[in-house]
Trainee: 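Structure below; questions to follow.
For clarity, every value in this text was computed on a predicted model and none was experimentally measured.
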Amino acid sequence: MGLLDNIKEPNDIKQYDVEQWEPLAEEIRTFLLEHISKTGGHLASNLGCVELTMALHLVLNLPKDKIIWDVGHQSYTHKILTGRQKGFDTLRQLGGMSGFPKRVESETDIFETGHSSTSISAAIGVAKANELSGNKSTIVAVIGDGSFTGGLTYEALNNLARLKSSCVIILNDNEMSIDENVGGMSSYLNKIRVGQAYNEVKSGVEKGLMNIPGIGEGLAKAVKRGKDSIKGLLVPGMFFEDLGITYIGPIDGHNISQMVDTFEAAVRLKRPVVVHVKTIKGKGYRYAVKHPQYFHGVSPFDLKTGKALEKKTKMTNTDVFGRKMLALGEEYPQLVAITAAMASGTGLQKFANVYPKRFFDVGIAEQHAVTFAAGLAREGMIPVVAVYSSFLQRAYDQILHDVCLQNLHVVFAIDRSGLVGEDGATHQGIFDAAYLSNIPNMTVIAPKNRYELTKALEFAMEYQGPVALKYSKGAAFYGLREQLEPIECGKSEILFKGSKVALIAVGNMVEEACKVYEALKEKGNEITLVNARFIKPLDETMLKSLAKEHEVIFTLEEQLFQGGYGQAVSSFYMRNHMNRIRVENIAIEDTFVEHGAVAALRKRLGLDAESVLQKIEQYL
């Protein structure tokens, strides 16, 4: 019987003595490796914060005390320590346990996070609410060093310095470029600075000086200035100190005893504190330590070799985009590529290697990325902003105000548009059609296959104004290569001509629509199949033509109906008083879509070929 067997609910970890902490940490790592190798999930980040999470659970009293996880994909150990081991059998599967904090799973998951840099803002809000209501609980935000590149973090720190709320911020730093010598000096100084004796002595000295008649106040200020100037030379973290936030660290993020002592001291201070903790991403699994980026989020893999169980056979849309960018880089010397900490994820790594001076990784700072691109475009460059759909949401105002309002030639390459699957509600790219197509001057293209994606990029290079290309995660669609009409702005593509029923499919849904077309054709029902291609502007000429020749038009898209292509089509017919034509929209209803395999989600949402076929056959 292992130590984990006795962890059934929050705070059960407190039953174990100090000598049992390390064996428990090893059990947790073994558990994580065995389960994630079967289900897939976020591995390296969770292996790196096992001891950190244990220390927090040893110090805090959950759920009275509260932990808010930044991004949240590093919360697996937290889930284990709150009694959810069985949930790992269905991790990130449809109906199973989420890979992120989820309030419906446990009252210890107090805030749902899937995007970075949010934890400090949320923690301050919770802490201030507790102050106002008289609750005496400890609020902790766990945030990675990468999230400190996001502007929201600094907005929160600025506010925290003003509010002075009692809040402990754990900076989980898994970068290995920090100077270890600085860490040693910092650890020594922190023992003095956070100790109760030091705080009492400091307070006593300042009060004593202030009581000296005539010269006391000046002496106290001079000593304070001298102390602060010396501290600025010797102590890291002066950025926080100058804001009025106590800084502690860096400390060893794999030394549980040291972290327990430090966290307890930080909590006792009853003021804003940043505890800087150094961790090793992927610790305990050599492949993850060596390749932390690859093992950030993985599909099922062989534990012995670290290799994926399913071999990649087809190019992904991301691969197609990356290859085409490399070719365009040679053709267009004014082309520059921008990403927000996602060089590999968006397919730009090869471009970065070949054209390092024309590649910019701005960190997790999507807002800055977009306005930075606007400035580049203003001076004649052609910036391509490559970003995931769900992350581009963070830069909405910059797209509207800084790019579209000025009609600047910025290209948005939007990866992971549509359903992304196992990462769930925070990552589904089902909102981009709505939040982009409603902005004046914006042009939105949804390529149907890998070939159209390359042609769309060529179109975007020559287009004068903001243009967005949205494409899905996963294998690129290779079908319909022979049907590739030249791209004209706002012109859709009729793939097959039929009668009675027209099916207009958007982007990655063309592949599903082709299955529907073939199934109907086998039964003697030939319908018209259209590749929408442009979400905005609408091909009004095509829509008028379809209305004259068909009885019903179905639209199919892997997006929300509200603000989507289908709603725009329905609105067009209504505004033009073309009420004779019947329109049926197949899209995602007003909901957030939870985690699960894309195929399973499509079936549940009625977006798979079988469901669409049934709807059309019911009409026929």
Trainee: Do side-chain atoms of Lys102 reach the backbone of Phe111 as a donor and acceptor pair under 3.5 angstrom?
Mentor: no
Trainee: Any pair with a residue in residues 396-414 that passes side-chain hydrogen bond (donor to acceptor under 3.5 Å, both in side chains), sequence neighbours left out, goes on the list, sorted by first then second residue, please.
Mentor: Thr371-Asp402
Trainee: Is any side-chain heavy atom of Val403 closer than 4.5 Å to one of Pro466?
Mentor: yes
Trainee: Would you list the pairs meeting ring pair (Phe, Tyr, Trp, His ring centres under 6.0 Å) in which at least one residue belongs to residues 328-362, sequence neighbours left out?
Mentor: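 Those involving residues 328-362 are Phe351-Tyr355, Phe360-Phe372.
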Trainee: Using 4.0 Å as the upper bound for N to carboxylate O, is an ion pair formed by Arg533 and Glu485?
Mentor: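 Looking at Arg533 together with Glu485, the answer is no, because their closest N to O distance does not fall below 4.0 Å.
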Trainee: May I ask you to decide if Gly564's main-chain N or O and Gln559's side chain share a donor-acceptor pair within less than 3.5 Å?
Mentor: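 Answer holds: no.
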Trainee: Has Asn317 got a side-chain atom pairing as donor or acceptor with Tyr471's backbone, closer than 3.5 angstrom?
Mentor: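 Here the side-chain-to-backbone pair does not exist.
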Trainee: Under the side-chain contact (heavy atoms from CB on, under 4.5 Å) rule, what do Val583 and Tyr573 come out as? Steps first, then yes or no, please.
Mentor: CA-CA 9 Å; Val583 181; Tyr573 286 127; 3.5 Å; yes
Trainee: Under 3.5 Å, is there a donor-acceptor pair between the side chain of Asn576 and the main chain of Phe572?
Mentor: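 Yes: the side chain of Asn576 pairs with the backbone of Phe572.
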Trainee: With rounding to the nearest 0.5 angstrom, report the CZ to CG distance, Arg604 to Leu94.
Mentor: 4.0 Å
Trainee: Could you check Leu560 against Gln567 for side-chain contact (heavy atoms from CB on, under 4.5 Å), going step by step and ending with a plain yes or no?
Mentor: CA-CA 9 Å; Leu560 279 191; Gln567 189 176 59; over 6 Å; no
Trainee: Can the ring centres of Phe88 and Tyr76 be said to be less than 6.0 Å apart?
Mentor: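 For Phe88 and Tyr76, the ring centres are under 6.0 Å apart.
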Trainee: Applying side-chain contact (heavy atoms from CB on, under 4.5 Å) to His595 and Phe100, what does each step give before you reach the verdict?
Mentor: CA-CA 10 Å; His595 53 277; Phe100 294 85; over 6 Å; no
Trainee: Does the side chain of Asp70 pick up a donor-acceptor pair with the side chain of Thr113 at under 3.5 Å?
Mentor: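 Result is no, nothing qualifies.
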Trainee: In this structure, is the centre-to-centre distance between the rings of His42 and Phe295 below 6.0 Å?
Mentor: no
Trainee: Please name the pair of heavy atoms, one in Asn438 and one in Ala434, separated by the smallest distance, quoted to 0.1 Å.
Mentor: ND2-O, 2.8 Å
Trainee: Evaluate the criterion side-chain hydrogen bond (donor to acceptor under 3.5 Å, both in side chains) for residue pair Ser492 and Asn531; output intermediate values, then yes/no.
Mentor: CA-CA 6 Å; Ser492 298; Asn531 164 32; over 6 Å; no
Trainee: Can a donor-acceptor pair be found between the side chains of Asp109 and Ser106 at a distance below 3.5 Å?
Mentor: no
Trainee: Under the 3.5 angstrom rule, does the side chain of Tyr463 hit a backbone N or O of Glu458 as a donor-acceptor pair?
Mentor: no
Trainee: Name every donor-acceptor pair, under 3.5 Å, that has one atom in a side chain of residues 611-620 and the other anywhere in the protein, sequence neighbours excluded.
Mentor:
{"from": "Ser611", "atom 1": "OG", "to": "Asp608", "atom 2": "OD1", "distance (Å)": "2.5"}
{"from": "Glu617", "atom 1": "OE2", "to": "Lys523", "atom 2": "NZ", "distance (Å)": "2.7"}
{"from": "Tyr619", "atom 1": "OH", "to": "Glu551", "atom 2": "OE1", "distance (Å)": "2.8"}

Trainee: Output, in order, the C-alpha distance, side-chain angles, deciding distance and verdict of side-chain contact (heavy atoms from CB on, under 4.5 Å) for Gln85 and His35.
Mentor: CA-CA 10 Å; Gln85 295 96 315; His35 283 77; over 6 Å; no
Trainee: Can you check whether Ser147's main-chain N or O pairs, donor with acceptor, with Ser117's side chain at less than 3.5 Å?
Mentor: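 Flag set: sc Ser117 to bb Ser147 pair under 3.5 Å.
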Trainee: Counting only N and O atoms by type, is there a donor-acceptor contact under 3.5 Å from the side chain of Thr305 to the main-chain atoms of Lys307?
Mentor: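 Here the side-chain-to-backbone pair exists.
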Trainee: Does the Lys NZ or Arg CZ of Arg450 fall within the cation-pi geometry relative to Tyr478 - under 6.0 Å from the ring centre and within 45° of the axis?
Mentor: yes
Trainee: With no hydrogens and no angle check, is any side-chain donor or acceptor of Gln428 less than 3.5 Å from a backbone partner on Val420?
Mentor: yes
Trainee: Just grab all the side-chain hydrogen bond (donor to acceptor under 3.5 Å, both in side chains) pairs involving residues 410-424, residues at least two apart or on different chains.
Mentor: Arg92-Asp423, Thr318-Asp415, Thr318-Arg416, Tyr388-Arg416, Ser417-Asp432, Ser417-Lys470
Trainee: If a pair satisfies side-chain hydrogen bond (donor to acceptor under 3.5 Å, both in side chains) and one of its residues is in residues 510-520, list it, with sequence neighbours excluded.
Mentor: Glu512-Lys515, Glu512-Arg602
Trainee: Please answer whether the main-chain N or O of Ile586 pairs with a side-chain N or O of Glu557 as donor and acceptor at a distance below 3.5 Å.
Mentor: no
Trainee: Answer with yes or no whether the side chains of Thr426 and His115 bring together a donor and an acceptor at under 3.5 Å.
Mentor: no
Trainee: Going by the salt bridge (Lys or Arg N to Asp or Glu O under 4.0 Å) test, which pairs reach into residues 343-361, not counting sequence neighbours?
Mentor: none
Trainee: Where do His550 and Thr528 land on the side-chain hydrogen bond (donor to acceptor under 3.5 Å, both in side chains) test, with the steps shown first?
Mentor: CA-CA 9 Å; His550 299 80; Thr528 296; 2.7 Å; yes
Trainee: Judged by atom type as modelled, is there a donor-acceptor pair below 3.5 Å linking the side chain of Tyr294 to the main-chain atoms of Ala288?
Mentor: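 Flag not set: sc Tyr294 to bb Ala288 has no pair under 3.5 Å.
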